[in-house]
Amino acid sequence: MCGIVGYAGPNDTVGALLDGLRRLEYRGYDSAGVAVLDAAGAVSVRKRSGKLARLEELLEASPLSATGTGIGHTRWATHGGPTDVNAHPHLGDDGKLALIHNGIVENFAELREDVAAAGIELLSETDTEVVAALLGIEVARTGDLETAFRAVVRRLEGTFTLLAMHRDEPGKVVAARHHSPLVIGLGEGENFLGSDVAAFVSSTRRAVAVAEDNIAIITPDAVRITDFAGDAVEFEEFEVQWDAEAADKGGWSSFMAKEINEQPDAVANTIRGRLDGGRVDIPELTELGDDVLRDVDRIIIIACGTASYAGQVGAYAIEQWARVPVEVQLSHEFRYRDPVLSDRTLIISVSQSGETMDTLMAVKYAIERGVTTISVCNTQSATIPRESDAAVYTHAGPEVAVASTKAFIAQITALYLIGLHLGRVRGTLSEEDSAEAVAQFEALPEKVREAVDTHEQVAQLAHWMADTRSVLFLGRHVGFPIALEGALKLKEIAYIHAEGFAAGELKHGPIALIDHGQPVFVLVPSPRTSPLMHSKVVSNIQEIRARGARVIAVVEKGDTAVLPYADDVIRIPLSDSLFDPLLQVVPLQWFALELSTAKGLDVDQPRNLAKSVTVE
Ligand code: G6P
């Protein structure tokens, strides 16, 4: 949450900052602001509450004459509401320095007393302005931005990425990270800072991930990294594997629509290089050592939101193939329950961004206890994969819409691959089952494409249902987490009440919710591969239909058993039961998108949310 950008170079500074902010807006859009050194050598700020477009309007009305040093911020409000005054950047040293922040400074009340004692009056309600004021005091005392910055960051508790610039040191931006993301973009005669590589990918694909508790100093020609004590730190650069175009909307109406359409590729790219004949081989896991994987007696998947539902789907497959108990825990619950861990426990974290603070903290908790950790992540060189013992990247490409779609499908794919790899290494998976799963994988991208083609039918349904106030979702086995995901998508982007239930749980309470006309999506298991579950779900459909529900059944092609009881039927391609979730979820994604559109809402940037949640 909160996107930060820094620029040092000879080119259009405001342009570079705005381009970065546009690409980082998914991280928060309560307010936005930029600070630059202007032609007169002063720090000039423009900031405004609301989305970036409002800041752009302000800049058009009141342009900045920048000279090559700047910082920019897009905010997800924590301390202080989303007002113009609370928007970043904040100023210090009598307006000579500007500072932006992603995170929360927990000891800000105590620090504010120091600021008050120095006779400085704060204008905003933010923790960030306190830091800007403190930095101003230190710069005035030491006469040097870097020394002052180090002194200040050492005093801060909580989480932060901070960027600062000072009038007296033109061409320089300093940055620090503590439990919040920070990357550097290496350009030709210009350098960048950002919350992630999207901030500068349109200018350079050469990047450096700044490690925890480090300070980065960029000028147009140089990049340095030190620790908080000021000692130099060596760093390695990496190449961003996608280009700016991949993170552009192209001709699509929304990023979410584009990303739903990209799902066949997300699956194909995540599988690529990991199928070896009739078996799955993940080199990153081989490096971890087969002995380690053979020894595992329990797996805990930790994740939040959509990623946790991917984890729930994955748990069924991993248990089936690797015959090891798997449980899924929400990251923010995990470490507070004093979990029972041993050196035979394996933690698999699932996170699109690789920066979700709750998940990062849970992973760190496990690492401190000597537990082996694998990260399933979609973002190259993000903090969680770097901290983990092994990283199994999903290759879904950059996901920009706040509501996750292609990353979800890629996460399930990666978890399945991990299950098959584990099953092989542990000797619990027959060659026949392995070959069958591999064949399913090979056919999967094309089937996902067919599921994507349900769009038109689902769009019509959603537009008829634009006034719906509540939708329920039912699923069994791997269909259960998909029911939860279908409901989450609706809550996230259409702001309507939605609940997912295990179909078998219906009679234990939720059936009381069924009233005349209540829409219920039912994910129907295959009658070919899961005949028992299929007949049970058909009975559930009859039960709710008898009570007036409007049933929308998602069935595999050729399943006619449901037809007499369903008001609408959405057909997906035939596959093995375990692979059904990857197809069933697609019409539910379309439904949420189209209902949100029918209600005139912003599909990509739903209210109150942000994509990368870097606060606990
Ligand atoms: C936020 C987003 C969700 C996402 C979750 C986990 O809550 O709004 O869409 O599923 O974070 O994100 P991660 O990056 O860890 O997968």
Side-chain angles (χ1 to χ4, degrees), residues 1-3 24-30 76 179-181 195-196 198 254-256 259-260 266 270 301-314 328-334 347-364 373-388 391-394 396-415 481-482 484-495 498 500 585 588-589 592-593 596 602-616:
M1 21 210 41
C2 297
L24 293 181
E25 209 183 1
Y26 70 83
R27 303 179 66 88
Y29 29 83
D30 289 336
W76 186 85
H179 296 319
S180 284
S195 300
D196 77 42
S254 63
F255 277 108
M256 187 175 172
E259 288 160 7
I260 292 175
T270 302
I301 297 178
I302 47 177
C304 301
T306 290
S308 76
Y309 299 142
Q312 287 190 29
V313 176
V328 183
Q329 291 186 19
L330 293 167
S331 317
H332 37 89
E333 290 292 318
F334 170 72
I347 294 284
I348 304 179
S349 68
V350 185
S351 173
Q352 188 284 131
S353 61
E355 299 291 350
T356 298
M357 182 57 72
D358 290 319
T359 306
L360 173 60
M361 287 307 178
V363 169
K364 285 191 171 174
T373 52
I374 296 176
S375 154
V376 172
C377 181
N378 195 44
T379 311
Q380 230 181 319
S381 282
T383 309
I384 297 173
R386 285 197 294 127
E387 298 265 334
S388 302
V392 177
Y393 281 105
T394 51
E399 193 180 63
V400 178
V402 167
S404 181
T405 54
K406 63 175 180 173
F408 176 71
I409 275 200
Q411 285 160 352
I412 297 175
T413 304
L415 288 167
I482 297 302
L484 298 173
E485 171 62 3
L488 178 62
K489 282 283 136 314
L490 268 191
K491 288 180 225 180
E492 282 181 312
I493 62 169
Y495 315 155
V585 74
L588 307 191
Q589 296 167 339
L593 180 146
S596 170
D602 186 335
V603 171
D604 288 334
Q605 295 183 342
R607 69 183 177 201
N608 305 338
L609 293 177
K611 190 162 184 66
S612 184
V613 183
T614 54
V615 293
E616 278 186 272

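First listed ligand is number 1; within each ligand, the first listed atom is number 1. FYI, side chains are in, hydrogens and waters are out, and symmetry mates aren't considered; it's all heavy atoms of this structure.
Shortest contact from atom 11 (O) of ligand 1 to any protein heavy atom: Lys611 O, 3.8 Å. Shortest contact from atom 8 (O) of ligand 1 to any protein heavy atom: Ala610 O, 3.3 Å. The closest protein non-hydrogen atom to atom 7 (O) of ligand 1 is Val613 CG2, 4.0 Å. For atom 14 (O) of ligand 1, the closest non-hydrogen atom of the protein is Ser353 OG, 2.6 Å. Closest to atom 10 (O) of ligand 1, if we only count protein heavy atoms, is Thr306 N, 3.1 Å. Scanning the protein for heavy atoms near atom 16 (O) of ligand 1, the closest one is Gln352 N, 2.6 Å. For atom 5 (C) of ligand 1, the closest non-hydrogen atom on the protein side is Cys304 O, 3.9 Å. Atom 13 (P) of ligand 1 has as its closest protein heavy atom Thr356 OG1, 3.2 Å.
Under the 4.5 Å side-chain criterion, counting only non-hydrogen atoms from C-beta, Glu485 is not in contact with Leu588. You'll find the side chain of Asp196 stays beyond 4.5 Å of the side chain of Pro181, heavy atoms only. Side-chain atoms of Leu593 and Ser254, non-hydrogen and from C-beta on, do get closer than 4.5 Å to each other.
Smallest separation of non-hydrogen atoms from Ile493 and Ser596: O-OG, 2.9 Å. Here the closest non-hydrogen pair linking Phe255 and Asp604 is N-OD2, 2.7 Å.
Among Thr394, Asn378, Val376, the one residue that satisfies the side chain to side chain contact (heavy atoms under 4.5 Å, CB included) test with Gln352 is Asn378.
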| request: Give the intermediate values and the outcome of side chain to side chain donor-acceptor pair (under 3.5 Å) for residues Lys489 and Thr306. | output: CA-CA 9 Å; Lys489 282 283 136 314; Thr306 290; 3.1 Å; yes

| request: Might you work through the side chain to side chain donor-acceptor pair (under 3.5 Å) test for Thr383 and Glu355, ending with a clear yes or no? | output: CA-CA 6 Å; Thr383 309; Glu355 299 291 350; 2.7 Å; yes

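At a heavy-atom cutoff of 4.0 Å, ligand 1 is contacted by the side chain of Glu492 but not by its backbone. When heavy-atom distances to ligand 1 are checked against a 4.0 Å cut-off, Leu609 has no atom that comes that close, whether in backbone or side chain.
Those atoms of ligand 1 that come under 4.0 Å of a heavy atom in Ala307, given as number and element, are 10 (O), 16 (O).
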